[in-house]
Each structure stands twice: as structure tokens, then as C-alpha cells.
Visitor: 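The structure's right below; bear with me while I get my questions together.
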Amino acid sequence: MAAHLPRIVVGESCLDNPTLKGSCRSLSTKNSYSICLSTKLRNGGKVSMSLRNHQQPDNSAVYGYFIYNAAKTWCNSHPYMQSGSGDFHTLSSSCYSVGPAHDVPFDTSAHEEQLSSSADPSEQKTPSGKTLKLISGSCYLPHPDKEETGGEDAHFICSEEQAIGVADGVGGWADLGVNAGYYSRELMSKSVEAIQEEPKGSVDPARVLEKAHSSTKARGSSTACIIALTDQGLNAINLGDSGFMVVRDGCTIFRSPVQQHDFNFTYQLECGSNGDLPSSGQVFTIPVAPGDVIVAGTDGLFDNLYNNEITAVVVHAMRAGLSPQVTAQKIAALARQRAMDKDRQTPFSTAAQDAGFRYYGGKLDDTTVVVSYITGSGDA
């Protein structure tokens, strides 16, 4: 049964192999509607969310973090690391493509690494005149069984455009001989291209995702989350079970909800019209302030760590003066530790039990973490 056939489900959620997420399937979403919600945040402010369902380059620096994007991008002397433009050479004269970071102990001392030089900040004026900067770093740990192929996650950091993105290819495609990592990496690459076509300071993640989806041709399917710091605050779109959270003053003030059709059966984009549409994603506008921390990631993060556990790492890192890069590594290392713990309750096991399954412990998976610090200068 071909995965691309319309309205056909190939495979099911399998708890014996929880790395398969919903497998490959198609869904028709033809009705048009719009839902708008808003709620107050801690310490004031308001976040708005819309769920839409309807049919519908400059020379700035890009820091692209794509794992095993193609064999030709890797340095012959080291299969896991490359410095240079890689697949972004047509987008920018200042780009980097690197491989997965190794596990970093949770108790790494603050002096080991300070602000990462690979994630340059850029500036944005808010309506109040405050200049905000987005400083980001990332860590990717592929599933141990998928290290040779690089796993199925992908992500990017565009420092000049103040945008980040994560994607998680659906592992069920492997049953059809397809590596969904090709789809997720192409989707993120096309997102970077679309971001560079956006008006300066007004990146629209929903529009970016629609453009990227329409131009991605690889087989497979993937979740997607794209976030941009704009004049209006933090603009984001999330489709599926990747996502992000905002930490302020030691509290989680926002966490994007999971989108799934059923347990372990996530919303996902696919080439053509077979999958969910980008317009099915949830769109958010969130006011942010200096000192806020954004943690974005794939389900390898959020299936294994509760919000308070992630927040605890962020608080520790901020107090120790760690860079976003090191903070991302610490969070990813803790998520991997939890994923391999069969004796601990996790968000995934909680969801499985709520769905009527007997399951306990973590869920070993590709794990991507992107951490962004919001910093500010004096009034302009």
C-alpha cells in the first residue's frame, strides 16, 4: 500500500516500538474555518493563538544546523563535523553546517563554555523602543540506531532574521524504505530560503511554512515548528508534536500544545496534498521581554522531560551564565538520560497510560533542542 495514495493510512501507532510516530498516512482537510483564542500570561501580557484551516534573498548570516544533510557536505577527516557553507552556500556567505554534539553532563561547570560564537545576536526594535536580541544555540542527538544515517530530525538558526525552526521526520516511513530525514531537512532548508525573502523584522512563520511545504519534494513527512522574533513579539507556527516553551523568571509562562489525531499519531506535513496542510498548524503571537528563554525541540525532548524539568535546567544555566549552546546540550543530555530510564514516569508514559496502554519509562528517539535567550539594550 503506497504511502502517497490519498486518504490511505499505512501503519498504526505501535507502543512496542514507540519511535514510530503515527507512521505514514494521508488526511483530507478541506473545510475552511478559523479559531482565535487569547489568554493572559504570568506577569501580565497576553498570548494569542489562531488555528486556521484553509487552502491557500539578502546576504544576512545564517547559522544552519542540519545533521547529515547530504554525504557531500561532510568533511573527509571527520564524519560528524564540518565548518563551511554546506547546503546553504547559495543563501549566505556566512553559514555553518555541523554534526550532532556529544552528550554533555548535566553538571557541566559554568566556566567550560560561555557565549557561543556560532550563534550571533541580531537586533530588533520593539514598539516600546526596547531593542531585543535573539541569541540561540542548539544540540541534536540522533537515536543511537540512526547515527549512521543522521536520524530524522532537522533544525536551523537564522541569526540575522532572528528565526529558528525544528522538524521531526516520521520514522514510520522506514517501513516503506524511505528515510523521512530527507524530507525534514529539505523542509527546513526551504524554510530558510523563505525566511530570507520575508520583510526585515516581520517574518511570518505561517507564510514561511506554506512556502517551504509547497517547494519540498522529498518523500516522507514531518512535524514543523518555526519561531521568529518580530516587531510584534514572538511569532510562531507549530504543526505536530514538536513545539516550544517560554520561560520567564523561573516559570513556564507558555507551552505550545501538541497536535495529534490520536495517541502517537501526530499532525504531519507531506509532499503534495496527502498530509496535513500548513494551514492546520497553530499560530501564536507572544510578547517577550529581556531575560525570557525560548526552548524549542522535537518530541525526543518533550516526550521525556516535563515542563518543570526543562525549566529547572534553564534556571540553573542562567544562574551559571551558560551560553544557549551549552544550555541546549544540558537539556538534550537530560532528555536522553530520561529516555533510557525504564523506571521513571515521563510525559510519553503518562500519555500512553491516559490512552489505555500499559507503558512506563522514557521514549528513546532523535532529540533536538534549540535554546534562545532574549536580551535587550537600553531604550533607543
Side-chain angles (χ1 to χ4, degrees), residues 41-43 63 65 96 98 100-122 132-141 153 155-157 159 162-166 225 227 229 234 236 242-256 286 288-341 344 346-347 362 367-377:
L41 298 174
R42 294 176 184 262
N43 302 325
Y63 172 65
Y65 193 105
Y96 303 90
V98 300
H102 297 292
D103 288 305
V104 175
F106 178 70
D107 59 353
T108 303
S109 299
H111 68 270
E112 290 184 355
E113 182 178 348
Q114 295 300 317
L115 203 57
S116 172
S117 60
S118 64
D120 295 327
S122 56
L132 296 183
K133 300 177 182 180
L134 189 70
I135 306 176
S136 303
S138 61
C139 180
Y140 174 47
L141 302 177
D153 282 7
H155 68 283
F156 68 82
I157 297 172
S159 58
Q162 303 215 108
I164 61 176
V166 297
C225 179
I227 306 165
L229 181 62
L234 205 66
S242 293
F244 70 102
M245 55 188 286
V246 181
V247 178
R248 176 180 298 163
D249 297 330
C251 298
T252 303
I253 65 167
F254 177 79
R255 164 72 191 276
S256 59
I286 305 169
V288 289
D292 290 355
V293 178
I294 295 93
V295 180
T298 56
D299 63 343
L301 167 64
F302 294 115
D303 277 346
N304 291 296
L305 293 181
Y306 291 101
N307 292 348
N308 64 331
E309 294 178 301
I310 298 172
T311 299
V313 180
V314 170
V315 170
H316 165 83
M318 296 295 285
R319 289 175 178 172
L322 301 183
S323 71
Q325 182 81 26
V326 176
T327 304
Q329 291 171 349
K330 285 180 172 291
I331 294 172
L334 184 59
R336 175 56 56 87
Q337 177 183 325
R338 294 287 192 268
M340 301 178 71
D341 190 341
R344 179 181 290 271
T346 64
T367 302
T368 295
V369 181
V370 181
V371 172
S372 299
Y373 293 171
I374 301 292
T375 65
S377 61

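Keep in mind that what you see is a predicted model, and the values were worked out from it rather than measured.
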Visitor: Find the distance between CD1 (Ile135) and OG (Ser159) and round it off to the nearest 0.5 Å.
Guide: 10.5 Å

Visitor: Without hydrogens or angle criteria, can the side chains of Thr327 and Tyr373 be said to hold a donor-acceptor pair below 3.5 Å?
Guide: yes

Visitor: Hey, which of Ile227, Val293, Leu234 is the one that makes side chain to side chain contact (heavy atoms under 4.5 Å, CB included) with Val246?
Guide: Leu234

Visitor: To the nearest 0.5 Å, what is the distance between CG (Asn307) and CE (Met245)?
Guide: 4.5 Å

Visitor: Can you list the residues that meet the ring-ring contact (aromatic ring centres under 6.0 Å, His included) rule with Phe244, with sequence neighbours excluded?
Guide: Phe254, Phe284

Visitor: Is it true that a side-chain atom of Tyr306 and a backbone atom of Thr346 form a donor plus acceptor pair closer than 3.5 Å?
Guide: yes

Visitor: Suppose we screen for side chain to side chain donor-acceptor pair (under 3.5 Å). Which residues come up paired with Thr298, at least two apart in sequence or across chains?
Guide: Asp153

Visitor: Run the salt bridge (Lys or Arg N to Asp or Glu O under 4.0 Å) test against Arg255 and tell me which residues pass, sequence neighbours left out.
Guide: none

Visitor: If you look at every heavy atom in Pro324 and Val371, which pair is closest and at what distance?
Guide: CB-O, 3.4 Å

Visitor: Would you check if the side chain of Asp303 reaches a backbone N or O of Gly300 as a donor-acceptor pair within less than 3.5 Å?
Guide: no

Visitor: Drop me the distance from Ser136's OG to Ile294's CD1, to the nearest 0.5 angstrom.
Guide: 7.5 Å

Visitor: Taking only residues two or more places apart in sequence or in another chain, which ones pass side chain to side chain donor-acceptor pair (under 3.5 Å) with Asn304?
Guide: none

Visitor: Could you tell me the separation between the CG atom of Asp249 and the CE atom of Met318, rounded to the nearest 0.5 Å?
Guide: 10.0 Å

Visitor: Can you find a heavy atom in the side chain of Leu305 that is under 4.5 Å from one in the side chain of Val313?
Guide: no

Visitor: Could you go through Thr368 and Leu301, starting from their C-alpha distance and side-chain angles, then the distance that decides it, and tell me whether this counts as side chain to side chain contact (heavy atoms under 4.5 Å, CB included)?
Guide: CA-CA 7 Å; Thr368 295; Leu301 167 64; over 6 Å; no

Visitor: Flag the pair Thr375 / Pro290 as yes when at least one side-chain heavy-atom distance between them is below 4.5 Å, and no otherwise.
Guide: no

Visitor: For residues His155 and Ser138, report the shortest heavy-atom separation together with the two atoms involved.
Guide: NE2-OG, 2.9 Å

Visitor: Check the pair Val247 / Asp292 against side chain to side chain contact (heavy atoms under 4.5 Å, CB included), numbers first and verdict last.
Guide: CA-CA 6 Å; Val247 178; Asp292 290 355; over 6 Å; no

Visitor: Let me confirm one number: the CD-NZ distance from Gln325 to Lys330, rounded to the nearest 0.5 Å.
Guide: 13.0 Å

Visitor: As an exercise, state the distance from CG of Leu229 to CD1 of Ile286, rounded to the nearest 0.5 Å.
Guide: 11.5 Å

Visitor: Look only at the side chain of Gln162 and the backbone of Leu134, and say whether a donor-acceptor pair between them is shorter than 3.5 Å.
Guide: yes

Visitor: Quick check: do Val288 and Leu132 have side-chain heavy atoms less than 4.5 Å from each other?
Guide: yes

Visitor: If the condition is side chain to side chain donor-acceptor pair (under 3.5 Å), which residues does Thr311 pass it with, not counting sequence neighbours?
Guide: Thr252

Visitor: Applying salt bridge (Lys or Arg N to Asp or Glu O under 4.0 Å), which residue pairs with at least one partner in residues 308-320 are found, sequence neighbours left out?
Guide: Glu309-Arg338

Visitor: Could you report the tightest heavy-atom contact between Arg336 and Thr367, atom names first, then the distance?
Guide: NH2-OG1, 4.2 Å

Visitor: Quick check: closest heavy atoms across Ser242 and Val166, and the distance to 0.1 Å?
Guide: CB-CG2, 4.1 Å

